[in-house]
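Okay, so here's the structure we're looking at.
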Amino acid sequence: MSPEESHAIELLGRVPYGRLAASRRALPLLAPARHIVCDGQLLLRMHGGLGHHEACDGSVVAYGADNLNTAAPGDRDLWAVQFTGTAELTEPSRVQRARFGAPPAEVNGETFDPVYLRLHPRFASWHTLGWNSSPHPGHVA
């Protein structure tokens, strides 16, 4: 694993959720997912009731996460990561399931039905946002 990929994985471990991007019937799809990192691969948990996992299984997808919404005002450590690779449906171990934590009770009024995808990253990148000595644009002094 390259230093860039290792750093992207390390950053991903700092936040619990991200967004999965795929194509479904030739149209773009963007879905939230919970993630954990296991042995350099990403395990994703999402709601099966929407059927997004079916479009992803065996396909090349992108997965991104960031700290843009969780950073404190004035925080100078803003970042975003993106992984691209092949996704496959998987059944995580009991230990891996526990690492995901408690699932949401429902999604769009439906009982949450967990499905899991394993993403084998082929490409990883990360980007940071920085400012000169001026305050963060969203910071009110």
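- Clustering ILVMFWY residues whenever any of their side-chain heavy atoms sit less than 4.5 angstrom apart, transitively, puts Tyr63 in a cluster other than the one holding Phe123.
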task = Show the numbers, then the answer: is there a ring-ring contact (aromatic ring centres under 6.0 Å, His included) between Tyr17 and His35?
result = CA-CA 6 Å; Tyr17 288 90; His35 64 261; 7.6 Å; no
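- At a cut-off of 3.5 Å, with distance as the only test, a side-chain donor of Glu110 or His47 sits close to an acceptor on the other residue.
- Using a 4.5 Å cut-off on side-chain heavy atoms (C-beta onward), Glu106 and Asn108 make no contact.
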query = When you look at Thr84 and Val60, which way does the side-chain contact (heavy atoms from CB on, under 4.5 Å) test go after all the steps?
reply = CA-CA 7 Å; Thr84 304; Val60 174; 3.9 Å; yes
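- The closest side-chain donor-acceptor pair between His120 and Glu88 falls under 3.5 angstrom.
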ask   = Could you go step by step and tell me if Phe112 and Arg45 meet the side-chain contact (heavy atoms from CB on, under 4.5 Å) rule?
value = CA-CA 11 Å; Phe112 183 76; Arg45 179 182 71 191; 4.1 Å; yes
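- Taking the side chain as every heavy atom from C-beta outward, Leu20 and Leu30 never approach each other to under 4.5 Å.
- Pairing each heavy atom of Ala22 with each of Cys56, the nearest pair is CB-SG, 3.8 Å.
- Applying the ring pair (Phe, Tyr, Trp, His ring centres under 6.0 Å) test to every pair with at least one member in residues 77-109, sequence neighbours left out, gives these pairs: Phe100-Tyr116.
- The shortest distance between side-chain heavy atoms of Val15 and Asp66 does not fall below 4.5 Å.
- Residue Leu42 is tested with Ile36, Leu12, Leu117 for a side chain to side chain contact (heavy atoms under 4.5 Å, CB included); the sole match is Leu12.
- Side chains of Leu43 and Thr90 form a contact here, defined as non-hydrogen atoms less than 4.5 Å apart.
- Taking CD from Gln96 and CZ from Arg118, the interatomic distance works out to 6.0 Å, rounded to the nearest 0.5 Å.
- Inter-residue side-chain proximity for Arg14 and Asp77 is flagged as met; some heavy-atom pair is nearer than 4.5 Å.
- The side-chain heavy atoms of Trp126 and Glu4, taken from C-beta on, include a pair separated by under 4.5 Å.
- In this structure, the side chains of His52 and Met46 come closer than 4.5 Å at one or more pairs of heavy atoms.
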